[in-house]
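Here's the structure, in structure tokens; my notes come after.
As the structure is a computational prediction, the values presented were derived from the model and not from experiment. Sequence positions, counted from 1, serve as the residue numbers for this chain.
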Amino acid sequence: IYMNGAFYNPTAICQMFAEYSKYCYCELHLYGPSDHRDYLKEIAKTHQNIIWHGSVSHEDVDKAQREADVLVYYKCKKMDSISGKLYEYLTQGKPILFLGPTNDINSRKLARYFMGMSFDITLSPETNAALAYDFLKNHQKPVDNNLGMIKKQFNSSLPETTARILTEW
């Protein structure tokens with residue numbers, strides 16, 4: 001399981017996956033900077049299946065994302081726009097676990113393409129771990145049609161595409 005980003009509050013994610021590991025063995029690989037280095041180092045000592053890599057090269061992040069079976073997306077506040085990271089994850093065609101507000105546009109996008117599940121971070125880690133296990137156990141790969149549509153939307157949202165359109169306009 002893979003997650004990349006700045007970890008402002010990694011506690012909810014780490015607690016959920018510590019509980020998830022009671023259902024089956026998995027490794028949670030966390031990539032990115034954090035102000036909570038001490039917490040992440042300590043949790044990695046007590047839970048060998050939670051691995052914090054810290055800041056690594058872009059190539060290493062890309063490789064880890066391609067090799068992951070599941071992607072984790074975490075937002076602590078409701079967003080009114082779709083995250084570029086979510087589109088990046090959606091184009092991978094892998095199941096996505098979204099921890100954050102269950103009523104924002106990102107969670108609705110996941111539901112639309114049947115690519116992931118939203119988890120309410122205010123629920124207990126035990127509850128979210130059980131929900132994640134049920135989702136992943138029953139998850140089926142999305143149809144290629146959805147992936148093509150997602151890739152088209154992602155590519156049309158890139159700054160280069162926007163700049164080209166504005167130049168042509």
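Between N128 atom CG and F135 atom CZ the span is 13.0 Å, to the nearest 0.5 Å. Note that the NZ atom of K41 and the OG1 atom of T46 stand 14.5 Å from one another [nearest 0.5 Å]. Here I13 contributes atom CD1 and I43 contributes atom CD1; the two are 11.5 Å apart, rounded to the nearest 0.5 Å. Annotation: the span from M117 atom CE to D134 atom CG amounts to 8.0 Å, rounded to 0.5 Å. Residue L136 holds its CG atom at 8.0 Å from SG of C24, rounded to the nearest 0.5 Å. Here NE2 of H47 is found 9.5 Å from CD of E42. Values are rounded to the nearest 0.5 Å.
Among T127, T11, L99, V72, the one residue that satisfies the side-chain contact (heavy atoms from CB on, under 4.5 Å) test with M16 is L99.
With sequence neighbours excluded, the residues forming a side chain to side chain contact (heavy atoms under 4.5 Å, CB included) with S55 are P33, listed by chain and number.
In this structure, K94 and Q65 approach most closely via the heavy-atom pair NZ-O, 2.9 Å. Between H36 and P10, the shortest heavy-atom distance links the atoms CD2-CD, 3.5 Å.
Between C14 and L30, some side-chain heavy-atom pair lies under the 4.5 Å cut-off. Inter-residue side-chain proximity for L97 and F17 is flagged as met; some heavy-atom pair is nearer than 4.5 Å.
Within a 6.0 Å sphere centred on NZ of K137, other residues, nucleotides and ligands contribute more than 12 heavy atoms.
Grouping the Ile, Leu, Val, Met, Phe, Trp and Tyr side chains by contacts below 4.5 angstrom, directly or via other members, places Y23 with I50.
The aromatic rings of Y89 and Y73 sit perpendicular, their planes meeting at an angle over 60°, well past the 30° parallel limit.
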**OP:** Decide yes or no on side chain to side chain contact (heavy atoms under 4.5 Å, CB included) for Y20 and L28, but give the supporting numbers first.
**Re:** CA-CA 10 Å; Y20 184 86; L28 173 62; over 6 Å; no
